[in-house]
Amino acid sequence: MPMTPARLPLPLAALALGLSGLACGDSADYGDPWEEVGYDVDDGWSLGGQDDEGQGGTGEGGELGELTGLVHHDFGPVTLAPFQEISNCVQWTVDNDAAVYVQAVTLNNHGYFHHSNWFAVPEHHYAGPDGFFDCEERSFEETSASVLGPVLFAQSTQSFSETQRTQDGAVIKIPRRHKVIATTHLLNVGPAEVETELAMSLELVHPSLVETQLSPMRLTYLDLDIPAQQRSRFTGACEHFGQQHSQVSPQPIVLHHALAHFHGLGESFELSAVGGELGTPNPLWPIFETLFELEGFTGDSLGKRFDPPVSLEGIEQLRFGCGFDNWRDVNVGWGIGDQEMCVMLALVEADYIPDVSVVGGTEAVGQDADGVIEFEGPCAFLALPKSPDQGPPSVDELLTPLYLPPSDEGIDPAPDCVDHDPLAEPSLEPSLSNVAAVVFQQSCAFNACHGASAQAAGLNLQAPDLHAELLDHEVLGNPGASLIEPGDPEASWLYELVSSCSPGEAMGLSASSMPLNAPVLLDDASIALVREWIAAGAPDD
């Protein structure tokens, strides 16, 4: 979910001045339109409100009807050649003749999407047909897109299926005649061609349910130089965050949702603050309150919804950072592929877009009791203006039934899991090297579940002696079982995990299919490769 840094950062003062003409009340005060249409804070809608089944009531204004609805879009299949890595863009023209208010976003894919960042921009920008395209050909750049319209969603690292749902009434507004557009990073680290798909669903709510609109806030640690064969932590020290914010806006930032992003070497993320309602700082030893933290990742959603939302009013300092375990023999910097990132995207109530980054000045400041080398860098603060389209619902919108733009028919955003076809044949020679490259590396080790830096259930599928690791491994989820039973796939717990949607069910066990959190199994040819390698006696080749 990284966002590309601005190519031409604007001075803070100029950006602050640019905010004066925007709708600064869109995150706090929607009072006037409600009074005009007969809403009372104590008695509710004069139109009749909403019944227990989600229907709008009737009255002088007529029937409101359904107050929530779903819109689906299928982006179609994508084919990746062996070992192909693509950073491209994709768009969906929503064809919305009215503004829509998004309560939740669901993104599903069939794998190989390392991450993606989603925006909504006016239709005439980045002109071209829907579908996947080269970002540079349309001069698409993420920071500019975040000013043209809302930031809609960010995909967690290698997640297959996730939903970003905000507090009731806290929504993301997609203005009239906007399109959804994203940068995507796809990666096939195996020797076989693969095909994947992508689909998105938006849960929309009636404008009468809107209480506040959310804006993005980004924290990025760009100045990474992660030392080889070391554990380390990089922390952005934003010592004057509160002061810099107050120079731009008198309204406090209110934190609703946060999502961190790092790659396979990442093992932690933390966001903390001091001051304001979080506690008065001691100048000699400030006590920071942790707002958001992660330990490792498994391809699941890394996002957090704050319930209740957290006000940053009066905070003096902000700190954010990532911990890394670089088991490799070379230093690692910022980038895609085998490089690393440290980013947090938040959804906040704010009347501008805060963009905080560490672009230089990183210094080693010590080492903790566990031998983790500590690095710190100073934060640069940018205040980007919001699009003027991000205003409150109009009177006409409040009085009009829920508007739903066109939706793809028959799209199931969460595909059903289907057990492996035991008659399927592998497309490659069933050798351990091919199993490791096609299955283990890209689906089991690459997202750090069973890699060298994180060994879920004690299994390292990047071990120097992989054959011994597999045959000697003690199965934790099914004691007494063999991970690999040479010559007998049906007696091998590994084959059960990758070939069945409900592994162990026949034995009275409850286990998750692998890869973890995937909505569907691997393709039949990949599973057949595992099956036939085991059936051949699981040779070490």
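For E142 and T183, the side-chain atoms include at least one donor-acceptor pair closer than 3.5 Å. Looking at T143 and E141, their side chains do bring a donor and an acceptor atom within 3.5 Å of each other. Side-chain polar atoms of Q103 and T166 form a donor-acceptor pair below 3.5 angstrom. In this structure, a donor-acceptor pair under 3.5 Å is present between the side chains of E270 and T290. For the residue pair E85 and H185, a side-chain donor N or O sits within less than 3.5 Å of a side-chain acceptor on the partner. No hydrogens or angles considered: nothing links the side chains of H72 and S407 as a donor-acceptor pair under 3.5 Å.
Side-chain contact between Y126 and L148: present, with at least one pair of heavy atoms (C-beta onward) separated by less than 4.5 Å. Contact of the V102 side chain with the L204 side chain is registered, since non-hydrogen atoms from C-beta on lie closer than 4.5 Å. Contact annotation: the side chain of T220 approaches that of W334 to within less than 4.5 Å [non-hydrogen atoms, C-beta and beyond]. With a 4.5 Å cut-off on side-chain heavy atoms, V348 and L255 count as touching. Within the 4.5 Å cutoff, the side chain of L202 has no heavy atoms near those of the V100 side chain. At a threshold of 4.5 Å between non-hydrogen side-chain atoms, the residues P175 and Q390 count as touching. Side chains of F262 and L224 form no contact here, defined as non-hydrogen atoms less than 4.5 Å apart. With a 4.5 Å cut-off on side-chain heavy atoms, Y101 and Q213 count as touching.
Rounding to the nearest 0.5 Å gives a distance of 10.0 Å between CZ of R231 and CD of E374. Rounded to the nearest 0.5 Å, atoms CD (E289) and CZ (R319) are 15.0 Å apart. The distance from atom CE of M200 to atom CG of D74, rounded to the nearest 0.5 Å, is 12.0 Å. For the atom pair OG (S146) and CG (L152), the distance works out to 13.0 Å, reported to the nearest 0.5 Å. With rounding to the nearest 0.5 angstrom, the CD atom of Q84 is 13.0 Å from the OH atom of Y112. Distance check, rounded to the nearest 0.5 Å: NE2 of H73 to CD of Q91 gives 9.0 Å.
The aromatic rings of H115 and H263 sit parallel to each other, their planes meeting at less than 30°, with 60° as the upper class boundary. In this structure, F292 and F306 have perpendicular ring planes: the angle between them is above 60°, well past the 30° mark. Between F381 and F241, the ring planes are perpendicular. Angles over 60° get that label, and only those under 30° would be called parallel. Under the 30°/60° scheme for interplanar angles, the aromatic rings of F375 and F234 are found to lie parallel.
Nearest heavy-atom pair, S215 versus A350, reported as atom, atom and distance to 0.1 Å: OG-O, 3.4 Å. Between D223 and V359, the closest heavy-atom pair is CB-C, 3.9 Å. Heavy-atom minimum distance, D168 versus E211: O-OE1, 4.1 Å. For the pair P393 and V210, the tightest heavy-atom approach, listed with the atom from each and the gap, is CG-CB, 4.1 Å. Scanning all heavy atoms of the two residues, the minimum distance from A273 to I315 falls at CB-CD1, 4.3 Å. In this structure, E162 and S156 approach most closely via the heavy-atom pair OE2-N, 2.5 Å.
Between F119 and H178, the ring center distance fails the sub-6.0 Å criterion. Taking the six-membered ring where the residue is Trp, the centroids of F113 and W118 are separated by 6.0 Å or more.
Looking at K304, its side chain never comes within 3.5 Å of a backbone N or O of L294 through a donor-acceptor pair. Between the side chain of S268 and the backbone N or O of G323, at least one donor-acceptor pair lies under 3.5 Å. For the pair Q339 (side chain) and G333 (backbone), a donor-acceptor distance under 3.5 Å is present. Using modelled atom types, one side-chain atom of T400 and one backbone atom of D396 make a donor-acceptor pair closer than 3.5 Å. A distance-only check finds no donor-acceptor pair linking the side chain of Q243 to the backbone of H240 [under 3.5 Å]. Listed for the N96 side chain is no donor-acceptor partner under 3.5 Å among the backbone atoms of P405. Judged by distance alone, with hydrogens and angles left aside, the side-chain atoms of N326 form a donor-acceptor pair with the main-chain N or O of P227 at under 3.5 Å. Judged by distance alone, the side chain of T163 and the main-chain N or O of R165 form no donor-acceptor pair under 3.5 Å. Proximity of a side-chain donor or acceptor of R328 to a complementary backbone N or O of D338 within less than 3.5 Å is detected. At distances below 3.5 Å, not a single donor-acceptor pair connects side-chain atoms of Y221 with backbone N or O atoms of G236.
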Subject >> Chi angles and distances behind the side-chain contact (heavy atoms from CB on, under 4.5 Å) call for H257, L214 >> reply: CA-CA 9 Å; H257 184 273; L214 301 178; 5.9 Å; no
Original post:
side-chain contact (heavy atoms from CB on, under 4.5 Å) between D134 and F140: does it pass, once the steps are laid out?
Top reply: CA-CA 9 Å; D134 186 310; F140 182 83; over 6 Å; no
Subject >> Worked check of side-chain contact (heavy atoms from CB on, under 4.5 Å) between H114 and T157 >> reply: CA-CA 6 Å; H114 185 269; T157 306; 3.9 Å; yes
**OP:** Starting from the C-alpha separation in whole Å, work towards a yes-or-no answer on side-chain contact (heavy atoms from CB on, under 4.5 Å) for Y352 and I253.
**Re:** CA-CA 9 Å; Y352 68 100; I253 295 173; 3.9 Å; yes
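Checked for salt-bridge contact, D355 and R218 meet the test: a charged N lies under 4.0 Å from a carboxylate O. Ion pairing of K179 with D95 is absent here, as no side-chain N (NZ or NE/NH1/NH2) approaches a carboxylate O to less than 4.0 Å.
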